[in-house]
Amino acid sequence: MTALDQPRPVSVADDDIGREKRLRMFRLLLELRLTEKRAYDLFLQNLVKGTSHLSLGQEAVAAGFALGMRRDDYTFCTYRGHAHTLARGVSMTGVLGELMGRECGVTGGKGGSMHLTSVEHGAMGSYAIIGAHLPVACGAAWSAQYRGTDQVTVCFFGDGTTNIGTFHEALNFAVIWKLPVVFVCENNLYMEYTPIGTVTAVEHPAADRAAAYGLPRVIVDGNDADAVFRTASQAFARARAGEGPALIEAMTYRHSGHSRADPAQYRPKGELEQWLQRDPIKIYRERLVSLGFAETDLGAIEADTERRVNEATEAAKASPPPPLSLIEKDVWADGGAAWRN
Amino acid sequence: MAELTYRDAVAAGIAQEMARDERVVFLGEDIGAAGGVFKATVGLFERFGPRRVRDTPISEQAIIGAAMGAAMTGLKPIAEIMFSDFFGVCWDMIANEIAKTRYMTNGQISLPLVIRTANGAGSRFGAQHSQSVENWAMAIPGLKVVAPSTPADVKALIAAAVRDPDPVIVFEHKSLYPIKGEVPDGETVDTLGTAKILRAGKDCTIAALALMVPRALEAAERLHAEDGIACEVIDVRSLVPLDTRTLLSSVGKTARLYTVEENPRLCGWGAEIASIVAEEGFWSLDAPIVRITTPHIPLPAADALEDATIPSVERIVETVRRTMG
């Protein structure tokens, strides 16, 4: 386990986050966890086809950032993007339906697990080519800057992305144009099947390279939703004030393998168990209890989330497959696919 | 009417759209104060300033990616890739991201953006700065592709590309930049997906693109003067959308088709046109369709070799003469 400070104890008196936001955070963490667990169950039942990349264990990054975002901010994420998409408010039915190839899916079944997108929620796409979305996020941030809004663009990516060219092109671009974009590296220690440390010249693949682009080195405990939220809020404030981009490395861990086909047997014995001790939902719940939140309130949120996931699952299952008329729809802006007169 | 070079007409087309629409922004390497390596963007930086005309680092992926992100959030970017060969560097952005986004998001995201680039041979630059790669773009669903051959067309097709709601790639030909032609005064906009019959004829149809258009016209002139063969010359102009109506109708009249392209032999756009005409116009044909292309080789640099590689007026004349019987 990478050494990180243990979450600092918080007392009610110095609670800078507040009761309402903490409950929203708890609810969101649970929603991300339970929806993805359900996606896995549905995969085992052969109702989710293709592939899926779960982020079980990494929920605090998605939740912590989303809670600090405004409705009109933009999110760009990777193929491991279920949580980031849900965290922007996209419905569980829309996500589960998309994974199951149903009409109710957020992109009508045309995108699939790796391309969840909901523009009305600011979820501007999940990108399945490593690193592709970093420059695209720069473009969205440039547009916000040009239009004179103070929207922030948040761009999530994995540790493996830091070794691809777009990472470096995008960082440089964002700095020289002083763009309101926050790059977030979710360092879950593995580049697909390979420990990131064995293929990277520096210990912290994102943070250690920040200085090369004139940015501060920021590492945050990615399993501590509060710490993530505080770090995100600072970066957003700077970006909205026109002070430019940030690069944040959030240390976290995925509980399952890279994708559905991966049992993750390459991991050293005991590593998962150690990280499960620092499960973001477990530690958040403990903190809420220590802050005086009632067990009954937390239990009610847990039961309610479980119920909502069940309902979403049934709604998605009941949704028909997409109509075949979608096949030749929306290649072009006229809604069609005609390439000749 | 003013006489402009093709390069000045490019700048005029961009300026026309930037003046008309504040959402139009322009980015690329050396396009600003330097006016572009081919001097096709001179004056834009002075007129519109660094907020709208943005010099970038040598970061092709970032240029195209940023154009995409800007297009999906309310701007209408024009991105320049200095040489079309460099599409290889940012092909993921063009082929995997931009081309597929509208479809994959079920129509949620529009990408009204333009990518301009200098295509084609004739400058002795060798195999990595001389290719014609319009067929790469043509093969990907979701991209529109135009390749103008005259100053008037390049101005008005750039304007059409900027106003189009889909991603459009404009292939300018680097050997056409110095040529001059009449360009209508004032605001001009063309229509994507339209071919033009530049010379009427009854004996055969020659379909050409970009630099091959003036060569086909000159060949037609000679064939008429020396052999009495009346060639109909079509400037294809737009590969996607493709104006098959004009092509099929012309072959219906002439019964013979020649395509002239700079692409290497395999999978050039001429093959697609030949295939369409064979499928849909077969009974109007009097002879096999003939494709005039470069051989299937990377482009050589030396004058003698490059000139012998790219279809010349002489090669067009000889091919038509030999096969017309």
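Bear in mind the structure is a predicted one, so any value in this text is a computation, not a measurement. Labels below follow one simple rule: chain letters A, B, ... track the order of the sequence lines, proteins then strands, and each chain is numbered from 1.
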Without placing hydrogens or testing angles, list every side-chain donor-acceptor pair under 3.5 Å for residues 328-339 of chain A, not counting sequence neighbours.
residue, atom, partner, partner atom, Å
A:D330, OD1, B:R102, NH1, 3.3
A:W332, NE1, A:A338, O, 3.1
A:D334, OD1, A:G336, N, 2.8

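- Interface residue B:K144: backbone and side-chain heavy atoms are both found under 4.5 Å from chain A.
- Residues satisfying the ring-ring contact (aromatic ring centres under 6.0 Å, His included) criterion with A:W142, sequence neighbours excluded, are A:W177.
- Checked by atom type, the side-chain pair B:R52/A:Y146 shows a donor-acceptor distance below 3.5 Å.
- At a threshold of 4.0 Å, the pair A:R147-B:E22 does not count as salt-bridged, since none of the basic side-chain nitrogens sits closer than that to a carboxylate oxygen.
- For the pair B:Q108 (side chain) and A:V106 (backbone), a donor-acceptor distance under 3.5 Å is present.
- Of all the listed residues (A:H133, A:M124, A:Q151), the one sharing the greatest number of non-hydrogen pairs under 4.5 Å with chain B is A:M124.
- Heavy-atom distances place both the backbone and the side chain of A:L326 under 4.5 Å from chain B.
- Of all residues spanning residues 238-254 of chain B, those with a heavy atom less than 4.5 Å away from chain A's heavy atoms are B:V240, B:P241, B:L242, B:D243, B:T244, B:R245, B:L248, arranged by number.
- Top candidate by heavy-atom pairs under 4.5 Å with chain B, chosen from A:G131, A:A132, A:G111, is A:A132.
- Using modelled atom types, one finds no donor on one side chain facing an acceptor on the other under 3.5 Å when comparing B:T105 with A:T117.
- Rounding to the nearest 0.5 angstrom, the gap separating the NZ atom in A:K110 from the CE atom in B:M104 is 11.0 Å.
- Close approach to chain A, defined as a heavy atom under 4.5 Å from one of its heavy atoms, is seen in B:E272, B:I276 of residues 272-279 of chain B, taken by number.
- Interface summary for chain B: among A:G109, A:G112, A:C138, A:S118, the most heavy-atom pairs under 4.5 angstrom belong to A:S118.
- Of all heavy-atom pairs between B:M93 and A:P135, the closest is CE-CG, 3.7 Å.
- Of the possible donor and acceptor atoms, none in the side chain of B:S59 sits under 3.5 Å from a partner among the backbone N and O of A:E169.
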